[in-house]
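Here's the structure, in structure tokens; my notes come after.
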Amino acid sequence: MNPQKLTDTARMLVANDKGLLAMDESNPTCNKRFARLGIPQTEEARRAYRELIVTTPGLGEFISGAILCDETIRQQKKDGTPFVKVIADAGIILGIKVDAGAKDLAGHPGEKITEGLDGLRERLAEYSQMGARFAKWRAVIAVGDGIPSRASIEANAQALARYAAMCQEAGLVPVVEPEVLMDGGHTLERCSEVTEQVLRTVFNQLYTQRVPLEGMILKPNMVLPGLTCPRQEAVNEVADATVRCLLRAVPAAVPGIAFLSGGQSAELASARLNAMNVRFKSRLPWALAFSFARAIQQPALEIWRGAEAHVLAAQQALYHRAMCNQAARRGLYNAAMETA
Ligand code: 13P
């Protein structure tokens, strides 16, 4: 492990007000999103869609790193150029999702544990050889009656820390993603309480597993009311609650926090990130960035719908969302950008 190299990569991932593009949906998740729009659920359709994304002109102006899944990192453009080369040529850092998905946690109905530690060292070595410089692992924490349990928080935090230590050993920056889900009717206060508890447990485990925090990126949820909670706070209230929670639980040594979008609309995700940077940027120890999948891709996917003739329009939509999110990092995003 070269700690300075890890620190440099982690800083580069959040430099110049850029952010990460998560395009690492598992095949089942990608297929589900395709099915809703009548797109064939085939390897070729997934390849064509990912080609659309990585060939979007100018994407590297706003996107520092792209997270791929195992299928995508091995694919090529129709003309045979490997995606890995297209991404490097765009000035974008290559990242890879290395978890094996969230499975039912035994003895804990409604809760999940992310698997994928077995054989991870060998997979990381292969991805590193393919050019990956960072990796991602997502843990999911559900909120509900009597959950999350201590068991689900601790098991997921320990797996995240063991994954992070192994990434650093292999020279890859770990993107540590503990996602407190939006599903349910819980309040923003409850989300804040659970998120703080989860983050404190994750950072304890990272310390126990000897993970230097300078060489990682945290990818958390924003602090939000549940999707079906009757009270939906305004953008500024979400920004305040999120930053307050992070200040309490995330050590200053972490170079960057890159939010997941988690099912928020693209516009809301940009507006909330913008509000955090407007209200707090000058007082924060870490960069507040983005690592969105749906909040960057969804409008483009809805335009594309599997049709070659829609590729350019879809790329324009993707470019626009990436631009809006860089503006949000600068506190310069506003609703007028959506109608321009
Ligand atoms: P969303 O932004 O769609 O939540 O996805 C982020 C991600 O990478 C989930 O692991």
Side-chain angles (χ1 to χ4, degrees), residues 14 17 19-20 138-148 152-153 156-157 160 175-204 213 217-252 254-295 324-325 327-335:
V14 292
D17 298 309
L20 306 179
R138 171 174 177 254
V140 292
I141 304 290
V143 183
D145 221 7
I147 61 174
S152 98
I153 296 176
N156 276 294
L160 274 168
V175 172
V176 173
E177 180 179 12
E179 174 173 6
V180 176
L181 295 173
M182 281 171 79
D183 305 286
H186 56 273
T187 61
L188 172 138
E189 288 75 21
R190 177 83 179 121
C191 177
S192 179
E193 198 179 279
V194 172
T195 302
E196 182 175 341
Q197 195 184 1
V198 167
L199 292 176
R200 285 182 184 280
T201 310
V202 167
F203 281 101
N204 273 333
L213 303 184
I217 297 291
L218 178 70
K219 174 165 174 168
N221 51 284
M222 296 184 190
V223 172
L224 303 170
L227 278 172
T228 56
C229 177
R231 182 173 158 75
Q232 293 289 318
E233 277 76 4
V235 166
N236 285 346
E237 292 173 274
V238 166
D240 291 0
T242 302
V243 171
R244 189 183 315 121
C245 178
L246 295 172
L247 280 170
R248 287 178 180 169
V250 183
V254 173
I257 296 178
F259 292 104
L260 60 94
S261 57
Q264 308 173 63
S265 75
E267 288 84 359
L268 260 183
S270 300
R272 288 164 169 165
L273 178 63
N274 186 69
M276 288 180 223
N277 281 305
V278 167
R279 293 159 81 81
F280 300 101
K281 189 172 186 171
S282 60
R283 297 191 267 138
L284 298 177
W286 5 253
L288 281 188
F290 55 91
S291 177
F292 298 155
R294 282 164 287 181
C324 286
N325 288 311
R329 282 207 56 188
R330 296 180 167 156
L332 296 174
Y333 170 80
N334 58 64

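Just so it is clear, the model here is predicted, and its values are computed rather than measured.
A donor-acceptor contact shorter than 3.5 Å is absent between the side chain of Glu196 and the backbone of Glu193. A donor-acceptor contact shorter than 3.5 Å is absent between the side chain of Asn156 and the backbone of Ala139. Judged purely by atom type and a 3.5 angstrom limit, Trp286 has no side-chain atom pairing as donor or acceptor with the backbone of Leu246. In this structure, Lys281 contributes its side chain and Arg329 its backbone to a donor-acceptor pair below 3.5 Å. Between the side chain of Asn277 and the backbone N or O of Ala328 there is at least one donor-acceptor pair closer than 3.5 Å. A distance-only check finds no donor-acceptor pair linking the side chain of Thr242 to the backbone of Met222 [under 3.5 Å].
Proximity of Lys219 to Arg138: side-chain heavy atoms (C-beta onward) are nowhere separated by under 4.5 Å. The side-chain heavy atoms of Ile217 and Ile257, taken from C-beta on, include no pair separated by under 4.5 Å. Between Phe292 and Leu260, the closest side-chain pair of non-hydrogen atoms is not below 4.5 Å. Counting only heavy atoms from C-beta outward, the side chains of Phe203 and Pro251 approach each other to under 4.5 Å. The shortest distance between side-chain heavy atoms of Leu247 and Pro285 falls below 4.5 Å. For the pair Asn221/Thr195, a side-chain contact is recorded, criterion being any heavy-atom separation below 4.5 Å from C-beta on. Put simply, the side chain of Ile141 does not reach to within 4.5 Å of the side chain of Pro178, judged on heavy atoms.
Residues Pro225 and Arg231 come closest through the heavy atom pair CB-O, 3.5 Å.
Judged as a side chain to side chain contact (heavy atoms under 4.5 Å, CB included), and not counting sequence neighbours, the contacts of Val235 are Leu268, Ala271, Arg272, Ala275.
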